[in-house]
Amino acid sequence: MNKEEMPRFLVFAGTVEGRTLAGELAASGCPVTVSVATEYGEKLVEEQPGLAVHRGRMTAEEMVSFMEEMKRDAEENGGRPCQVVDATHPYAAAVSENIRTACEAAHLPCLRLLRESEQEAATEDCVFVASAGEAADYLKNTEGNVLLTTGSKELAVFTEIPDYQARLFPRVLSTAESVLSCTKLGFEGKNLICMQGPFSEELNTAMLKQIHATWMVTKETGKSGGFGEKLSAARKAGVKVIVIGRPVKEDGYGAQELRRILEERYGLKLERQAEGDGAVSDVPAVAGEKTQVTLAGIGMGAYRNMTVEVVEACREADAILGASRMVEFARTLGKSVYCAYKDDELKAYIDAHPEYRKVVILLSGDIGFYSGAKKLRRRLMEADYPVRMLSGISSVVYFCGKLGTSWEDVKLLSLHGKEENIVGAVARNQKVFALIGGKDGVNRLCRQFMEYGLSGVKLHVGERLSYPEERITSGTPEQLEGMAFDGLCVVLAENPNAGELPVTHGLPDECFLRDKVPMTKSEVRSISLSKLQLRPGSVVYDVGAGTGSVSIEMALQASEGMVYAIEKNQTAVELIEKNKRVFRTANIQVIEGLAPEAMEDLPVPTHAFIGGSSGNLREIMECLLKKNPECRIVINTIALESIAETLDCVKSLPVTDVDIAGVSVAKSKTLGRYHMMMGQNPVYIIACKGGTADEYA
């Protein structure tokens with residue numbers, strides 16, 4: 001694009017960000033007119049080729065005339081497009097409204113440059129008011145000296161405060177106009193501070209101590225206006241802060257995002273210039289250099305729970321990504337924001353925007369606690385992106401702190417989008433913490449605890465943690481069942497009667513409800529389970545489950561896994577349901593039906609116990625090996641015909657490590673004062689492991 005075709009810009013520059021952008025546009029070759037209200041504002045605009053300054057406040061009608069003249073001039077010089085940028089101060093709401101109205105009347109496009117906000121950085125000790133008048137009304141009921149950092153324009157409202165000439169210390173610009181307006185109101189001598197900001201934290205602190213301030217009044221002036229330095233200084237000096245919030249919630253773009261829009265819209269390449277204190281706003285891209293990605297845990301979500309390290313990473317970032325709830329804070333920083341949570345979408349966005357040299361992806365809580373950071377990090381590193389990990393405060397740490405309890409002895413679980421045996425965990429552990437998902441998640445949990453005889457457990461439910469609407473509700477499952485809770489919440493379950501179960505298998509037969517259903521006896525059950533070699537997270541089929549005695553013991557061993565008890569007999573099915581409640585093994589799912597048909601839709605097994613096959617042993621084993629070619633299988637059989645069938649299967653099917661044991665058990669029976677050994681049916685226990693034959697792979 002030659003110089004005659006370059007777009008022409010009108011920038012209303014009431015902020016350092018606006019003046020910086022105007023300089024960048026002029027440096028790119030675009031004709032730029034900067035509109036400022038005062039002579040002082042004109043002095044702040046650095047002279048450079050292609051940049052003109054218009055000084056003086058304009059009404060909406062005068063703005064329309066000025067814009068129309070700019071359009072005519074552009075048309076006379078080759079029809080160059082015209083673009084208006086509103087970079088006025090956040091508190092100049094009336095001026096922004098005039099600019100918007102004038103642009104509509106002149107049919108010119110207008111973009112609003114938003115100043116980075118730091119209102120979230122304010123602490124709970126800050127007092128928030130909507131206007132200078134409200135701040136003055138609040139101070140009427142207080143005592144102590146006040147540093148006013150709100151400028152001279154609204155200073156008159158503070159003269160209504162009793163003894164204001166002695167209590168108030170306004171800090172204003174060092175211009176004749178400002179000084180004259182202040183002295184007319186009675187502010188002079190040591191009570192009038194005339195300086196040009198922004199000010200460092202150290203200078204603010206010294207000033208507060210010098211005037212023996214009890215209060216500071218400030219507007220939420222953002223990073224460029226030194227808002228953060230004012231808050232830090234007030235904390236150090238022990239001064240309370242009254243914050244006058246921004247008058248309206250504006251629509252617009254941060255400096256980085258607005259630059260990108262202008263570059264894409266007009267084919268420009270803007271070179272970043274120094275802002276305010278001389279610091280360059282971002283690092284220029286180096287050919288071939290990969291974007292640095294930071295995965296940052298934001299804690300519960302509220303600003304005050306974010307670590308300083310994470311906040312600084314966000315301030316230094318070119319773009320901030322994450323789910324919509326995560327990036328709300330980022331919008332106040334004036335950064336480019338992209339809402340997404342899926343790995344593919346996040347990576348695709350980073351790939352498509354190589355101009356962003358530093359990208360932060362915000363994640364809930366702590367990145368090491370049930371976080372998607374692990375998978376996302378692997379995905380980004382596979383694409384050669386350098387990845388930095390920043391931890392946040394986890395919900396368990398925050399919640400236990402709120403409850404005043406330790407968390408080093410808490411069993412940690414997540415029920416958010418996954419199944420966990422929380423009943424077994426609560427039965428074993430005095431304290432269990434769980435992330436809960438779904439609108440009915442807490443109610444389902446309460447019903448489950450009541451069903452498994454854990455009605456005496458005390459539950460603490462935390463909702464919207466760290467936010468103003470945070471709520472913590474405590475009670476028993478019966479008390480909480482039926483209440484409405486947030487879809488995303490946390491629960492701490494306390495069970496003072498929790499007890500560790502035996503780590504060895506072989507529970508006494510008398511522990512189980514039996515009726516007339518066949519049951520694998522304790523000694524045989526113990527040997528069979530040792531041959532099965534279960535792990536905590538195993539997925540196990542119990543084929544021909546009978547009373548469920550083997551299923552119960554497997555569920556206790558694989559406490560983090562799942563047991564599928566497959567049984568065709570209705571009476572036996574009812575017994576299994578009763579026994580699983582007695583032993584609080586909620587990680588047993590009873591499947592009524594005949595194997596192998598009943599197994600078809602079940603998850604892939606890691607292990608299987610076959611206590612009864614109804615003549616379908618080969619078909620059952622083939623189904624197991626098809627689902628998992630490496631499935632470990634243990635078979636119990638008594639009849640000689642079944643032994644022959646089993647031997648034929650292990651010889652012809654792709655299994656290895658075949659182990660056959662014949663077990664004969666005799667149990668003592670008391671007759672008078674004698675103990676007689678009574679023999680039980682001999683049982684053959686066959687163990688094997690799947691091979692890797694192609695037809696089952």
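- Within the 4.5 Å cutoff, the side chain of K269 has no heavy atoms near those of the S28 side chain.
- Using a 4.5 Å heavy-atom threshold, the side chains of M216 and V146 count as separate.
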Show your reasoning for whether ring-ring contact (aromatic ring centres under 6.0 Å, His included) applies to Y266 and F9.
-> CA-CA 11 Å; Y266 298 110; F9 289 90; 5.7 Å; yes

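- Counting only distance, with no hydrogens or angles, the side chain of T15 and the backbone of A87 share a donor-acceptor pair below 3.5 Å.
- Of the possible polar contacts, none joining the T291 side chain to the R357 backbone as a donor-acceptor pair under 3.5 Å is found.
- A salt bridge is defined here as a Lys NZ or Arg NE, NH1 or NH2 lying under 4.0 Å from an Asp or Glu carboxylate O, and K358 with D318 fails to meet this definition.
- Checking side-chain atoms of E42 against main-chain N and O of V53 turns up no donor-acceptor pair under 3.5 Å.
- Enclosure of atom OH in Y349 by more than 12 non-hydrogen atoms of other residues, nucleotides or ligands within 6.0 angstrom is indicated.
- Residues satisfying the side-chain hydrogen bond (donor to acceptor under 3.5 Å, both in side chains) criterion with Y138, sequence neighbours excluded, are absent altogether.
- Here the options are T218, T149, N204, T150, the test is side-chain hydrogen bond (donor to acceptor under 3.5 Å, both in side chains), and the partner is R171; only N204 passes.
- Side-chain atoms of K240 and V127, non-hydrogen and from C-beta on, never get closer than 4.5 Å to each other.
- Between H416 and I436 there is no side-chain heavy-atom pair separated by less than 4.5 Å.
- The residues E62 and R57 are annotated as not salt-bridged, no charged nitrogen and carboxylate oxygen being separated by less than 4.0 angstrom.
- The minimum heavy-atom distance between S324 and C339, with the atom names listed, is CA-SG, 3.9 Å.
- Looking at heavy atoms from C-beta onward, L435 lies out of side-chain contact with L415 at the 4.5 angstrom threshold.
- A donor-acceptor pair under 3.5 Å is formed between the side chain of E134 and the backbone N or O of A130.
- Remark: side-chain polar atoms of D366 are paired, donor with acceptor, to backbone N or O of G392 under 3.5 angstrom.
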In sequence, state the C-alpha distance, the side-chain angles, and the governing distance for E201 and K236, and then conclude on salt bridge (Lys or Arg N to Asp or Glu O under 4.0 Å).
-> CA-CA 9 Å; E201 177 187 318; K236 284 189 175 181; 2.6 Å; yes

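- Between L10 and S35 the shortest heavy-atom distance is CD1-CB, 4.3 Å.
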In sequence, state the C-alpha distance, the side-chain angles, and the governing distance for E17 and R259, and then conclude on salt bridge (Lys or Arg N to Asp or Glu O under 4.0 Å).
-> CA-CA 11 Å; E17 296 94 335; R259 287 188 185 102; over 6 Å; no

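- Counting only distance, with no hydrogens or angles, the side chain of S181 and the backbone of S178 share a donor-acceptor pair below 3.5 Å.
- Between L390 and L295, the closest side-chain pair of non-hydrogen atoms is not below 4.5 Å.
- Using a 4.0 Å cut-off between charged nitrogen and carboxylate oxygen, E75 and K71 do not count as a salt-bridge pair.
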Residues Y253, R260; criterion side chain to side chain donor-acceptor pair (under 3.5 Å); working and verdict = CA-CA 10 Å; Y253 305 93; R260 185 184 65 79; over 6 Å; no

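- Side chain of R55 to backbone of V36: no donor-acceptor contact under 3.5 angstrom is found.
- Checking side-chain atoms of E463 against main-chain N and O of D486 turns up a donor-acceptor pair under 3.5 Å.
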Trace of the side chain to side chain contact (heavy atoms under 4.5 Å, CB included) decision for V241 with K230 | CA-CA 9 Å; V241 182; K230 293 176 189 175; over 6 Å; no

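- At least one donor-acceptor pair under 3.5 Å links the side chain of Q48 to the backbone N or O of G23.
- Proximity of M6 to L268: side-chain heavy atoms (C-beta onward) are separated by under 4.5 Å at one or more points.
- Checked against the 6.0 Å centroid criterion, the rings of H54 and F66 qualify as a close aromatic pair.
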Name each donor-acceptor pair under 3.5 Å that joins a side chain in residues 373-385 to protein atoms two or more places apart or in another chain, with its distance.
from : atom 1 : to   : atom 2 : distance (Å)
R379 : NH1    : D344 : OD1    : 2.2
R379 : NH2    : D344 : OD1    : 3.2
Y385 : OH     : D351 : OD1    : 2.4

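- Counting only heavy atoms from C-beta outward, the side chains of M67 and C103 approach each other to under 4.5 Å.
- Of the charged side-chain nitrogens involved, at least one lies within less than 4.0 Å of a carboxylate oxygen, so that R100 and E104 count as a salt-bridged pair.
- Here R464 does not pair with E470 in a salt bridge; the nearest charged N to carboxylate O distance is not below 4.0 Å.
- Taking the six-membered ring where the residue is Trp, H353 and Y356 present parallel rings, their angle staying beneath 30° rather than reaching 60°.
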